[in-house]
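Naming convention: chains lettered A, B, ... in sequence-line order (proteins, then strands); numbering from 1 in each chain. Below, each value reflects all heavy atoms present in this structure, side chains not excepted, and no hydrogens, waters or symmetry copies.
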Amino acid sequence: MEQFLGGLDILMQWQNLLVIPLGLAIGIVVGAIPGLTSDLGIILCIPLTYGMDPTMAILMLLAIYCGGTYGGSITAILINTPGTSANAATLFDGYPMTVKGQAFKALQMALFASTIGGLISAFALLFLAPQIAKITLLFGPAEYFALAVFGLSVIAGVSNNSIFKGLIGACIGLFMATVGVDNISGTARFIFGQRKLMAGIDLIIALIGMFAISEILMKSKYDPKTDHKTISASAITKDKITKDEYRRCWKPIGLGSLIGVIIGATPGTGGGLAAFIAYNQTKQSSKHPETFGHGEIEGVAASESANNGACGATMIPMLTLGVPGDGATAILMGAFMLHGMVPGPTLFSEQGNILYAIMLGLIVVNVFMYIIGNGFTRFYAHITRIPYEILAPIVMTFCIAGAYSTNNRVYDIFIILIFGIVAYFLRRMDFQLVPILLGIVLGPLAEKNFRRAMVISEGSFKIFFTRPISCAFILIAVGSVLLFAWKNYKARAVKAKS
Amino acid sequence: MKKLMSLALAFLMVLSLAACGGGSGGSDSSGQPAQSAQPSGGSSSDSKWPEKEIKIIQPWSLGGGPDVITRQIASYSDKFLGVPMIVENHTGGSGTIGMNDFLEAADDGYTLFCCNGPLFSLTPSFISVDYTIDDINPLVGIRITEFVILTQASSGITDIQGLIDYANAGNTVKYATTGGPGNDSFTMISALFATLGIASEAVPYDGGQEAINALVGGHVDVAIGSPPTYRDYVINGELNCLGTFIPEGLDVDGIGHIPSFKDQGIDIEFTGMDYFAVRSTVDAEKQEILRDFVLKVYAEPDFQKFMADMGMAAWEADSSEILGMVASQTEAMAKYIPLVQ
């Protein structure tokens with residue numbers, strides 16, 4: 001309690017409350033540009049924090065992280081390209097809402113859901129961090145593999161009409177994830193003599209190529225004379241969320257936030273996976289699953305509450321065990337160390353006051369995010385009014401700049417172009433891109449941990465079923481696929497009858 | 001009118017995005033951007049060099065031990081050199097991607113490399129490389145890496161003999177390493193078990209903390225670690241230290257003396273090291289300015305406190321000392337590598 005009050009005292013200094021909106025604004029802008037992620041925003045701003053005291057510095061970086069995770073939804077909704085990998089699930093219903101002329105509504109729901117998810121996550125960090133950290137330690141290779149399988153089971157729900165195309169897509173993604181040096185055996189795989197491929201394909205590079213570049217190519221038939229719809233400025237912000245829609249979205253937001261906290265607290269996973277699982281669970285438990293994928297506001301609510309729900313939770317293993325939950329927290333961990341705080345089991349006893357200030361600050365970050373985000377939402381909603389012939393070159397420029405800045409090499413620009421062209425043809429053949437993305441995201445997690453588990457169990461598959469958490473995940477994954485198959489079968493039977 | 005409005009909107013968007021794009025352009029570095037565009041002018045040297053920002057190529061990932069120390073050192077560049085210092089992470093290929101990018105950069109002294117011993121003593125045995133030690137010149141040491149072997153306290157294994165007894169009882173020892181084949185921790189712990197002749201299997205993890213957590217979570221029998229990853233757990237009584245590869249043993253604050261394997265009668269030793277290097281063709285005067293800068297940072301009380309908090313100390317070794325250590329490490333590795341291949 002003493003540390004709690006000490007933390008509150010530190011937090012309430014005006015400088016700390018000033019850097020939060022600044023960090024959020026940077027985060028939202030960075031997150032909303034395809035190719036620039038919150039990770040990059042944090043890296044860019046770390047040097048600005050050298051002169052700040054630790055609380056102020058970390059709060060600013062946390063604000064960028066949270067703002068970036070929300071900001072990524074803006075482009076997902078408006079131009080069908082997720083700003084960060086965490087927002088990929090927002091595409092499903094966010095963009096169809098824009099097509100229906102409900103961009104402002106979708107952006108508002110993304111902000112509302114992100115804020116609630118972020119707040120629940122911040123409270124989990126504040127009150128449950130030590131307990132959750134103990135559970136995290138129980139996660140060994142078998143549990144991680146089972147979690148990855150559970151994540152891959154989402155493919156069944158997001159493949160729309162063709163499960164086979166979904167599975168083929170996931171295999172393409174899994175294959176892409178094998179490019180580079182294999183950490184277990186030290187062998188270089190599928191690099192074709194290209195040393196630059198030894199580190200594998202960067203997730204953000206794949207994301208820019210697959211979503212942004214292919215989206216621009218898909219619009220190649222766009223004719224400015226006939227295809228551009230003129231929307232008046234006043235019509236954009238007219239369509240607001242109704243009371244009934246808020247009421248409907250409470251359940252998806254609650255579920256999404258909970259899944260966000262659980263997945264976020266598991267190191268090496270992150271908000272992207274949380275959003276996919278939350279979206280899938282919401283769709284499965286919905287009374288009207290057929291509306292998902294066609295601009296269902298509950299879909300936006302579920303995925304956005306989950307990815308921001310993961311934000312605070314990813315800090316739990318980072319602060320208590322020194323293991324970052326995702327890429328952004330790995331960078332944040334470096335920032336903690338730069339400011340003299342070494343994450344690990346004794347951090348709470350040694351730097352309790354500062355930590356409580358930061359954890360309480362995360363709550364303030366989310367409240368501010370809602371206020372600032374509201375202003376940004378009004379502005380960004382008007383992007384839909386920009387003619388595509390003007391928007392496309394701007395997006396393309398940012399994609400190329402973003403791809404270059406990820407590793408400072410021209411090589412990655414070629415990679416996004418290759419990914420873009422391949423994804424374009426896949427889309428023309430009615431393949432969904434999300435299963436490919438799931439394969440890329442979950443491939444390394446599944447492969448590494450499967451092989452580690454095999455070493456530990458001396459080659460026995462029993463390890464996945466004798467450990468309770470692992471067994472539970474596998475059963476949920478199987479159950480989830482069977483439920484999908486059953487619903488599909490029933491829907492077809494009804495269709496055949498009618 | 002509508003078209004004009006749309007154009008104006010597009011222009012506004014470009015402006016708003018460019019505010020950030022400008023930042024990224026400045027950073028185009030994924031490292032630190034022109035963090036402090038205005039040099040403080042406090043350069044300690046009378047010479048006009050350096051005149052522009054200096055880049056450090058970091059072959060290891062963001063947030064890891066070498067990266068954090070390097071960034072901390074770089075943050076003093078304005079104060080002592082009057083120019084910003086940027087850290088770029090060129091990761092992958094066990095450090096060889098960063099090394100190649102570094103060797104492709106101009107030899108004007110504006111590009112430094114965060115180097116280590118295994119890039120010369122170990123990596124070439126696993127990956128074909130185009131460089132040799134003659135391509136670089138070490139400037140100054142950064143830190144010594146002190147590997148320790150640990151077990152769970154609940155296992156009851158407190159020394160190497162206990163581990164041998166455990167293996168002799170028919171158990172295969174599963175050990176967590178901080179990387180796969182070609183990694184120094186993987187090589188050393190595998191060589192140790194090969195020397196002891198006990199049945200064992202490596203479980204490679206991605207980084208030191210992951211390996212230690214796998215041990216704390218009870219997923220493996222043994223792990224290799226270096227400070228600060230294991231210190232708190234040993235102090236809390238959750239983990240036991242069995243020994244270290246440092247030949248003279250190790251004194252760790254809060255833990256006490258950790259005996260070396262050599263002292264325990266096992267013929268194995270290893271001292272890891274990180275250091276700054278420049279291309280060997282860089283002007284000697286410039287090398288001296290850079291070395292002098294790093295040593296000034298090491299003398300700063302704030303920096304010393306930062307290192308102490310991490311459970312480490314800055315390593316002030318000069319070029320000849322580092323080259324000597326790399327040579328003896330290469331010789332030792334020639335003995336250990338066949339044991340693990």
Side-chain angles (χ1 to χ4, degrees), chain A residues 26 29-30 33 36 40 43-44 46-48 50 137-141 180-186 188 195-196 198-200 230 233 267 321-324 330-334 337-338 340 342 344-346 382-383 385-387 390-391 394 398 401-402 404-408 448 452 455-456 458, chain B residues 2 5-7 9-10 13-14 16-17 19-21 23-25 27-33 35-36 61-63 67-68 71-72 75 88 90-94 96-97 100 126 172 174 179-182 201 203-204 206 209-210 213-214 216-217 219-220 228-229 232-233 236 305-306 309-310:
Chain A
I26 296 172
V29 173
V30 170
I33 298 174
L36 300 186
L40 194 67
I43 296 167
L44 294 178
I46 283 178
L48 296 178
Y50 284 152
L137 274 178
L138 296 176
F139 270 69
V181 174
D182 163 38
N183 194 29
I184 309 274
S185 67
R195 195 184 288 273
K196 288 191 167 74
M198 280 171 96
T230 313
L321 306 170
V323 184
I331 304 163
L332 277 174
M333 193 167 107
M337 288 165 141
L338 275 173
V342 181
T346 55
H382 288 279
I383 288 179
R385 297 178 59 222
I386 302 173
I390 296 174
L391 193 62
I394 298 171
F398 278 116
Y404 177 79
S405 66
T406 306
N407 291 313
N408 315 303
K448 266 185 219 167
R452 283 176 190 150
V455 173
I456 290 169
E458 295 175 19
Chain B
K2 277 172 189 165
M5 265 305 285
S6 309
L7 267 172
L9 267 173
M13 182 190 158
V14 172
S16 80
L17 302 188
C20 176
S24 97
S27 83
D28 59 20
S29 51
S30 102
Q32 299 168 2
Q35 60 229 60
S36 20
S61 54
L62 268 164
D67 181 68
V68 172
R71 282 174 190 275
Q72 188 73 17
S75 70
E88 288 184 7
H90 295 211
T91 56
S94 302
T96 56
I97 289 177
N100 283 321
F126 293 89
T172 301
K174 277 106 189 186
E201 282 279 5
V203 186
D206 299 324
Q209 197 67 57
E210 266 198 27
N213 285 329
V216 176
H219 308 293
V220 291
T229 54
D232 295 339
Y233 291 114
N236 290 345
K305 184 182 174 301
F306 164 78
D309 287 344
M310 302 252 293

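Closest of all the heavy-atom pairs between I456(A) and H219(B) is CD1-O, 3.3 Å. Contact between M337(A) and F306(B) at its shortest, heavy atoms only, is O-CE1, 2.9 Å. Between V68(B) and L338(A), the shortest heavy-atom distance links the atoms O-CD2, 3.6 Å. Residues I184(A) and P181(B) approach most closely at O-CD, 3.2 Å, considering heavy atoms. The shortest heavy-atom contact between K174(B) and V455(A) is CE-O, 3.7 Å. Closest of all the heavy-atom pairs between M198(A) and I97(B) is CB-CD1, 4.0 Å.
Looking at L138(A), the atoms closer than 4.5 Å to chain B (heavy atoms on both sides) all sit in the backbone: N, CA, C or O. Interface residue N100(B): only side-chain heavy atoms are found under 4.5 Å from chain A. Of the two parts of F126(B), neither the backbone nor the side chain holds a non-hydrogen atom closer than 4.5 Å to a non-hydrogen atom of chain A.
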